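What follows is a set of notes on a single structure, which appears directly below.
Atoms within a ligand are numbered from 1 in the order they appear, just like the ligands themselves. Just so it is clear, the structure is predicted and the values come from calculations on it, not from any experiment. All residue numbers in this chain count up from 1 along the given sequence.
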Amino acid sequence: MFDLIIRNANLPDGREGLDIGVSSGKIAAIGKSIVVAAGEEIDATGRLVSPPFCDPHFHMDATLSLGLPRMNVSGTLLEGIALWGELRPLLTKEALVERALRYCDLAVTQGLLYIRSHVDTSDPRLVTAEALLEVKEKVAPYIELQLVAFPQDGYYRAPDGVSSLDRALDMGIGIVGGIPHFERTMEDGARSVEALCRIAADRGLPVDMHCDETDDPMSRHIETLAAQTVRFGLQGRVAGSHLTSMHSMDNYYVSKLIPLMAEAEINVIPNPLINIMLQGRHDSYPKRRGMTRVRELMAAGLNVSFGHDCVMDPWYSMGSGDMLEVGHMAIHVAQMAGIDDKRRIFDAITVNSAKTMGLEGYGLDIGCKADLIVLQAADVTEALRLKPNRLFVIKAGKVVARTAPRVGELFLAGRPASIDTGRDYVPPVLQR
Ligand SMILES: [Zn+2]
């Protein structure tokens with residue numbers, strides 16, 4: 001007897017028509033037509049069932065603050081940073097907690113149950129760290145929230161950058177951040193990478209740096225990050241977020257850099273929505289895309305996962321907590337439209353992100369946590385194309401969110417009365 005069984009599910013790897021049995025919050029069986037009773041039964045009717053989405057790069061201290069204390073008039077990264085600097089002294093713990101909890105509600109309905117958020121440690125009050133640590137506790141029953149101590153104004157550049165980051169780690173923030181390209185000089189940037197990797201090694205923590213979020217091809221802190229990762233024995237525990245300068249780097253230099261990154265087992269986290277929006281702003285035409293070299297990094301065996309980064313905050317007025325929107329943008333910006341490419345992109349918002357975040361028990365194997373989503377789509381290609389409704393979101397074997405299928409009613413003579421927006425009009429090659 002199972003607690004829950006999901007019938008007739010299609011899986012991201014292409015297997016179809018399987019049942020998934022859940023017992024004591026874990027996946028207990030996967031197979032065709034399982035003949036076991038269950039406390040609850042969900043008929044997936046040939047829809048995609050996936051492990052939940054994971055966002056490895058977000059800013060939960062800034063989310064939903066759009067318009068506070070004013071709008072970003074130019075829409076640029078630098079005005080965004082300046083605007084956040086204006087808002088920061090006005091932040092209260094209560095308001096931060098309230099906004100973060102509201103975002104987490106949205107995330108759950110989108111099937112997003114794992115989030116890594118950077119937490120700005122530049123203001124020595126550390127009200128951001130206090131608030132997000134409280135949120136982490138509060139949402140733990142439904143979202144696993146990882147926190148990164150992030151010196152937004154520079155580890156060396158901000159007056160209290162060094163001590164504030166240390167105190168945030170003492171408070172219980174579990175990942176070391178950084179922003180080497182924003183330090184005053186290239187040399188300071190390189191020194192910050194070394195100092196922060198040393199802290200991570202001493203404390204036994206992972207590293208996740210905003211690294212080279214610029215169009216400047218000479219911004220090469222990723223090289224230093226890879227070297228220090230190997231030097232301190234942090235292989236596999238270090239993430240390079242953004243890495244947009246790699247888009248503009250010389251190809252010969254990159255041909256040396258990517259193997260160094262592979263040697264250090266750097267986890268690469270591009271943020272397609274934000275990178276395409278904020279980079280290339282000093283260009284006239286042609287305008288660079290400003291996203292790192294996703295296809296080449298994947299081909300070299302690096303673990304690439306995509307982040308959402310921002311939702312309705314000083315940097316980005318859009319966003320919906322939907323990792324399929326992130327994947328959809330990635331397909332376009334990275335020009336990864338092949339059949340295998342789509343699966344790679346879907347992996348980048350699910351299993352690859354789980355690897356970046358070091359999640360345990362994530363996936364669709366027997367014994368994994370029964371964290372599952374049922375989408376109104378038949379496969380990963382359709383999911384990325386449609387960004388469909390999450391019909392069921394399941395955490396530890398319990399339904400935590402449900403959304404009705406999107407069905408359009410028609411009032412046209414001689415035409416059908418309604419269409420399922422996912423499946424009723426697709427070309428024959430995609431019909432099941
Ligand atoms: Zn970021």
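With the Zn ion (ligand 1) as the vertex, NE2 of His210 and NE2 of His57 span 90° to the nearest 10°.
Of the residues listed (Tyr362, Phe58, Tyr142), the one engaging Tyr114 in a ring pair (Phe, Tyr, Trp, His ring centres under 6.0 Å) is Tyr362, and it is the only one.
Not a single N, O or S atom of His118, from either the backbone or the side chain, sits less than 2.8 Å from the Zn ion (ligand 1).
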Derivation and outcome, side-chain hydrogen bond (donor to acceptor under 3.5 Å, both in side chains), residues His59 and Asp309 = CA-CA 6 Å; His59 293 265; Asp309 202 1; 3.1 Å; yes
For His210 and His57, what are the C-alpha separation, side-chain angles and deciding distance, and is it a side-chain hydrogen bond (donor to acceptor under 3.5 Å, both in side chains)?
-> CA-CA 10 Å; His210 284 66; His57 187 111; 3.2 Å; yes
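Using modelled atom types, one side-chain atom of Arg293 and one backbone atom of Met246 make a donor-acceptor pair closer than 3.5 Å.
The Zn ion (ligand 1) sits nearest to atom OD1 when only the N, O or S atoms of Asp309 are considered.
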